[in-house]
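Everything below concerns the one structure shown next.
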There are 2 protein chains.
Amino acid sequence: MNHSAQTKPDYERELRRAGVRITRPRRVILDILAATEDHPDAMEIFQRASTIDKSISLSTVYRTMKLLEGMGAIHRHAFEGGPARFEQASGDHHDHLIDLDTGDVIEFHSNRIEELQDEIARELGYEIVHHRLELYGRRRKASARK
Amino acid sequence: MNHSAQTKPDYERELRRAGVRITRPRRVILDILAATEDHPDAMEIFQRASTIDKSISLSTVYRTMKLLEGMGAIHRHAFEGGPARFEQASGDHHDHLIDLDTGDVIEFHSNRIEELQDEIARELGYEIVHHRLELYGRRRKASARK
DNA sequence: AATGCAATTGCAAATCGTTTGCAACTGAGG
DNA sequence: CCTCAGTTGCAAACGATTTGCAATTGCATT
Ligand SMILES: [Mn+2]
Ligand SMILES: [Mn+2]
Ligand SMILES: [Zn+2]
Ligand SMILES: [Zn+2]
């Protein structure tokens, strides 16, 4: 849920430790990701980066996203329809509800569902490596129902 | 689960009722889908169709898949990595477990998970239109099951 | 601070899956 | 059979992402 109480992860330190160079484009992209509360796609990250450094290319955004994803620093989501969207991997695990009308992405978490998934996989003789749970819906009309 | 006890749906009748023409390419593709137990992608369907009618084009496969999807006759899945895969919509709702090593797709269903999803959406003020639950995992080594 | 070189970049071109414009063709009601 | 809107194959266009390559840059080393 992007708890604001969360310690902002020091990506630069982590990158250095991984023997990766801290370049100007990477620093800019890292800053953008750290300051982001939503789930931007590559083009959005590119545009935000461009306002800071005109010379950054879209290719570099993609390459950096792949690098960070490989390091486990970010998660890539492929919601239906649009391009891949990203978010920092720093928070706790959660799944997403997409508002079909507005495109809003709402985060949620259910321990019960997570447990059931494990149980199902186990029964089938499998061990889950990762999963994807996306709910697509629309706001309930506030029609005097209850 | 593609229950074999299921009545094979008469797509041709359904199509006619929808004012859609039964053409040779469509008949071929429909037959392939009806005879399919797995989740083929457009290229696979195209290749299977080609062995029956050399003149069918990949475009027509795509167009037909879109038509059938719009009619609710098939479901389109975008599992991570590969191209979209399809399956008849005739069976009961189910979700998928993808074997990361073999690519096998295993179907499962959990009423409990479905209920929890509804509950979560409701609490957030939403009504689910559809959802996507995919488990990616690998066979458990130690204890043999199945 | 100057040097050396592999890592990284921007750019353009390539790739992949899918869609689309268009002229030729065909299903099905008359 | 006629007719003609629906459908097709083909090629070209598409959007998202990746990649080859020559130029640039971070940074370990003097
Ligand atoms: Mn999220
Ligand atoms: Mn299935
Ligand atoms: Zn989850
Ligand atoms: Zn489900």
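Hydrogens, waters and symmetry mates are skipped; everything else that's a heavy atom, side chains included, is used. Naming: A, B, ... by sequence-line order, numbering from 1 per chain.
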For the pair made of CD1 in I29(B) and C1' in dT7(D), what is the distance, rounded to whole Å?
12 Å
Measure CD/E69(B) against C1'/dT19(C) and give the value in whole Å, please.
14 Å
Main-chain N/O of D104(A) paired to T102(A) side chain as donor or acceptor, under 3.5 Å:
yes
Looking at R138(B) and D99(B), is there a salt bridge between them, counting it only when a charged N and a carboxylate O are closer than 4.0 Å?
no
dT18(C) P sits how many Å from I45(B) CD1, rounded?
10 Å
In this structure, how many angstroms lie between the P atom of dT18(C) and the CG atom of D41(B), rounded?
7 Å
Please determine if R112(B) and E114(B) form a salt bridge, counting it only when a charged side-chain N lies under 4.0 Å from a carboxylate O.
no
Rounded to whole Å, the OH-P distance (Y62(A) to dG10(C)) equals 15 Å
Determine, using ring centers only, whether H75(A) and H39(A) are less than 6.0 Å apart.
no
Going by atom types alone, do E80(A) and H130(B) pair a side-chain donor with an acceptor below 3.5 Å?
yes
Less than 4.5 Å apart, side chain to side chain, heavy atoms only: is that true for Y136(A) and F79(A)?
yes
Flag the pair H131(A) / H93(A) as yes when their ring centroid distance falls below 6.0 Å, and as no otherwise.
yes
List every contact pair, protein side and nucleotides 21-23 of chain C side both N or O, where the distance is under 3.5 Å.
from    : atom 1 : to     : atom 2 : distance (Å)
dG21(C) : O6     : R63(B) : NH1    : 3.3

Calculate the interatomic distance between H77(B) atom NE2 and dG17(C) atom P; express it in whole Å.
18 Å
Filtered N/O pairs between nucleotides 27-30 of chain D and protein, under 3.5 Å:
from    : atom 1 : to     : atom 2 : distance (Å)
dC27(D) : OP1    : I22(A) : N      : 3.0

Rounding to an integer number of Å, can you tell me how far R24(B) CZ sits from dT7(D) C1'?
15 Å
Among dC10(D), dT18(C), dT9(C), the one nearest S57(B) by side-chain distance:
dC10(D)
Would you say R26(A) places a side-chain N or O within less than 4.0 Å of OP1 or OP2 belonging to dA7(C)?
no
On the nucleotide dT17(D), are OP1 or OP2 found under 4.0 Å from the side-chain N or O atoms that K66(A) carries?
no
Whole-Å distance separating the CG atom of L58(B) from the P atom of dG17(C)
10 Å
Bend across the helix from dA1(C)-dT30(D) to dG30(C)-dC1(D), to 10°, with axes taken over 5 pairs at each end?
30°
Between F108(B) and H96(B), is the ring centre distance below 6.0 Å?
no
So does E87(A) pair up with R85(A), basic N to acidic O under 4.0 Å?
no
Applying the 4.5 Å side-chain criterion to the ILVMFWY set and letting contacts propagate, would M43(A) and I29(A) be lumped into a single cluster?
yes
Using the rule that Ile, Leu, Val, Met, Phe, Trp and Tyr join whenever any side-chain heavy atoms are under 4.5 Å apart, tell me whether V105(B) and I113(B) fall into a single cluster.
no
